[in-house]
> 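Shown below is the structure under consideration.
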Amino acid sequence: MNDTLHLPPALATGVGSLPGTDVREAAKAATGSFEDFPHLPELPARGPGADMIGRTAGLLVELYARVEPSGWRIGDRPGRDTRRARSWLGEDLDALEEFTQGYEGLLKVQAVGPWTLAAALELKNGEAALSDPGACRDLAASLAEGLRQHLEEVRRRVPGARLVLQLDEPSLTAVLRGQVRTASGYRTHRAVDRQTVEATLRDVVGVHDGGPVVVHCCAPDVPFALLRRAGVAGISFDFSLLTERDDEVIGEAVEGGTRLFAGVVPGTDAPLSDPAGSVMGVRTLWRRLGLRPGLLPEAVTVTPACGLAGASPGYARSAYAHCVRAARSLADNPE
């Protein structure tokens with residue numbers, strides 16, 4: 001179980017996606033901006049198969065998906081869409097390998113988590129896999145094995161890296177609340193039992209044996225307590241969506257050793273304040289919780305609020321540099 005994410009203080013990293021289609025430029029940005037905590041970039045602008053769902057569908061073992069007008073649908077055999085997704089991921093890994101020669105340190109890779117995948121992938125009847133508990137189990141098992149193989153491949157290419165696995169779960173709150181719409185759009189799928197959600201996440205988290213797993217959820221009302229029980233070492237979220245209702249669970253998470261990946265930099269083009277201003281809300285939260293200021297840079301990693309696929313290339317580079325400076329501000333002046 002990944003109870004604690006032991007990271008050096010005042011780190012920053014990206015969430016995952018970047019704008020554009022230039023694989024080498026993206027790898028250069030992700031490794032050059034975050035010298036201590038780079039990540040494998042994702043470039044969804046290339047088209048279906050480079051998007052987060054298609055990319056993760058390409059990792060599945062003995063399950064395949066193809067693009068339909070309504071979205072990604074599970075099929076019987078690998079087709080053009082699966083091959084394209086795997087080919088693009090291979091290109092991304094080639095570029096990452098090129099820019100991490102001799103690198104020793106933290107390296108983050110991302111994939112869609114089991115519940116967002118179940119909410120997005122369609123069965124043959126056009127309904128989400130979420131509608132069928134058996135399909136959800138099969139999907140989670142296939143994802144777990146695919147992630148295990150993916151992590152092995154990244155270790156082979158960057159042997160000095162200590163891998164951090166990020167599971168993207170933007171639909172997690174909707175799954176728990178029964179807010180995922182059916183194919184007709186007139187109804188919603190029934191809420192999934194919280195214990196089932198937790199157990200499935202725990203199984204998938206467990207594939208990164210001995211390594212830290214972070215869950216990224218950029219929706220409101222992130223289920224912090226559930227994710228901690230599932231064994232995640234860190235929780236990544238859009239800081240602007242927090243409310244004071246979250247104070248207690250965040251305080252418990254910090255005191256329990258869970259790393260907070262605070263998304264404080266906008267994910268699309270916006271004016272950037274000074275770096276200290278970007279983390280002012282984090283300092284305010286700390287004071288409100290009565291937590292020791294010196295703990296702040298040890299407990300918080302600074303990131304954009306979400307992926308940067310919708311940003312301009314210039315803004316994406318600026319946002320990454322801004323995250324690094326904001327993290328340094330936290331370390332230099334935690335109070």
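This is a predicted model, so every value here is computed, not measured.
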> Quick one: do L96 and F99 end up in the same hydrophobic cluster if we chain Ile, Leu, Val, Met, Phe, Trp and Tyr together by side-chain heavy atoms under 4.5 Å apart?
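They do not share one cluster, since no chain of ILVMFWY contacts under 4.5 Å joins L96 to F99.
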> Fit a plane to each ring of H39 and Y320, take the angle between them on a 0 to 90° scale, and name the class: parallel (under 30°), tilted (30 to 60°) or perpendicular (over 60°).
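If you compare the ring of H39 with that of Y320, the planes turn out perpendicular.
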> Working note: T13 + V164, criterion side chain to side chain contact (heavy atoms under 4.5 Å, CB included); need CA distance, chi angles, decisive distance, verdict.
CA-CA 11 Å; T13 191; V164 176; over 6 Å; no
> Could you tell me whether the side chain of W115 and the main chain of V197 form a donor-acceptor pair under 3.5 Å?
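Such a contact is found between W115 side chain and V197 backbone.
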> Rounded to the nearest 0.5 Å, how far does CG of D238 lie from OG1 of T303?
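The CG atom of D238 is 8.5 Å from OG1 of T303, to the nearest 0.5 Å.
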> Drop me the distance from E91's CD to R86's CZ, to the nearest 0.5 angstrom.
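One gets 15.5 Å once the value is rounded to the nearest 0.5 Å.
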> Does E68 have more than 12 heavy atoms from other residues, nucleotides or ligands lying within 6.0 Å of its CD?
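Counting neighbours around CD of E68, more than 12 heavy atoms of other residues, nucleotides or ligands fall under 6.0 Å, so yes.
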> Side chains of M52 and S17: does their closest heavy-atom pair fall under 4.5 Å?
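No; the side chains remain at least 4.5 Å from each other.
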> Begin from the C-alpha positions of T56 and T116 and carry the test side chain to side chain contact (heavy atoms under 4.5 Å, CB included) through to its verdict.
CA-CA 11 Å; T56 301; T116 295; over 6 Å; no
> Determine whether C136 and P114 make a side-chain contact, defined as any pair of heavy atoms from C-beta on separated by less than 4.5 Å.
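SC-SC contact between C136 and P114 ruled out.
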> Is there a side chain to side chain contact (heavy atoms under 4.5 Å, CB included) between R148 and V61? Walk through the geometry before answering.
CA-CA 10 Å; R148 188 178 288 111; V61 173; over 6 Å; no
> Could D76 and K124 be called an ion pair, given the rule that one side-chain N must be under 4.0 Å from one carboxylate O?
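A salt bridge is present here (some side-chain N lies under 4.0 Å from a carboxylate O).
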> Can you tell me how far the CG atom of L272 sits from the OG atom of S318, to the nearest 0.5 Å?
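L272 CG to S318 OG: 6.5 Å, rounded to 0.5 Å.
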> Please check: side-chain N/O of T173 versus main-chain N/O of D221, any donor-acceptor pairing under 3.5 Å?
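Judged by distance alone, yes, a pair lies under 3.5 Å.
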> Do E25 and L18 come close enough that some side-chain heavy atom pair is under 4.5 Å?
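E25 does not reach L18 side chain to side chain.
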> Side chains of L167 and L147, heavy atoms from C-beta outward: is any pair under 4.5 Å?
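Yes; the side chains approach each other to less than 4.5 Å.
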> Do S329 and R325 touch side chain to side chain, with heavy atoms closer than 4.5 Å?
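Answer no - side chains too far apart.
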> Please walk me through it: do L139 and L60 pass side chain to side chain contact (heavy atoms under 4.5 Å, CB included)?
CA-CA 8 Å; L139 194 55; L60 297 176; 3.9 Å; yes
> Identify whether F237 and L291 are in the same connected component of the hydrophobic contact network (ILVMFWY, side-chain heavy atoms under 4.5 Å).
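Cluster IDs for F237 and L291 match.
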> Once rounded to the nearest 0.5 Å, what's the spacing between atom NE2 of H216 and atom CD of Q110?
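Taking NE2 in H216 and CD in Q110, the distance rounds to 9.5 Å.
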> Is there side-chain contact between L260 and V282, with heavy atoms separated by less than 4.5 Å?
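Not in contact.
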> Is it the case that one hydrophobic cluster holds both L40 and L151, taking links as side-chain heavy atoms less than 4.5 Å apart, direct or via other members?
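Same cluster: L40 reaches L151 through Ile, Leu, Val, Met, Phe, Trp or Tyr contacts under 4.5 Å.
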> Can you establish whether the number of heavy atoms outside E248 located under 6.0 Å from its atom CD is more than 12?
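12 or below, so no.
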> Any carboxylate oxygen within less than 4.0 angstrom of a Lys/Arg side-chain nitrogen, looking at R46 and D92?
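Yes, this pair counts.
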> Evaluate whether atom CZ of R245 has more than 12 neighbouring non-hydrogen atoms of other residues, nucleotides or ligands under 6.0 angstrom away.
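Counting other residues, nucleotides and ligands, CZ of R245 stays at 12 neighbours or fewer.
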> Would you compute the distance between atom OG of S312 and atom CZ of R317 and round it to the nearest 0.5 angstrom?
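So the OG of S312 and the CZ of R317 are separated by 8.0 Å.
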> Passes side-chain hydrogen bond (donor to acceptor under 3.5 Å, both in side chains), S236 versus Q166? Steps please.
CA-CA 9 Å; S236 170; Q166 176 181 303; 4.9 Å; no
> Taking the side chain as every heavy atom from C-beta outward, state whether M280 and S273 have any pair of such atoms under 4.5 Å apart.
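M280 does not reach S273 side chain to side chain.
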> Do Q149 and E145 meet the criterion of a side-chain donor-acceptor pair at a distance under 3.5 Å?
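There is such a pair between these side chains.
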> Between L227 and V15, is there shared hydrophobic-cluster membership here, with clusters defined by ILVMFWY side-chain heavy atoms closer than 4.5 Å?
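No.
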> To the nearest 0.5 Å, tell me how far Y64 OH sits from D81 CG.
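The distance works out to 14.0 Å.
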> If you group Ile, Leu, Val, Met, Phe, Trp and Tyr by side-chain heavy-atom gaps below 4.5 Å, do L43 and W88 land in one group?
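Unlinked, L43 and W88 end up in two clusters.
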> Tell me the closest heavy-atom pair linking A120 and I53, and the distance in Å.
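Of all heavy-atom pairs spanning A120 and I53, the closest is CB-CD1, 3.5 Å.
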> Are R156 and E152 within salt-bridge range, i.e. N to O under 4.0 Å?
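Between E152 and R156 there is no salt bridge, as every charged N stays at least 4.0 Å from the carboxylate O atoms.
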> Below 4.5 Å, heavy atoms only, C-beta onward: do L295 and W286 meet side chain to side chain?
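L295 vs W286: side chains touch.
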> Determine whether D94 and R157 satisfy the following criterion, salt bridge (Lys or Arg N to Asp or Glu O under 4.0 Å), listing intermediate values before the conclusion.
CA-CA 8 Å; D94 288 345; R157 289 171 175 264; 2.8 Å; yes
> Please name the pair of heavy atoms, one in L123 and one in A129, separated by the smallest distance, quoted to 0.1 Å.
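Looking at all heavy atoms of both residues, the closest pair is CG-CA, 3.8 Å.
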> If you count heavy atoms of other groups shown closer than 6.0 angstrom to CZ of R288, is the number above 12?
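Enclosed: over 12 neighbouring heavy atoms sit under 6.0 Å from CZ of R288.
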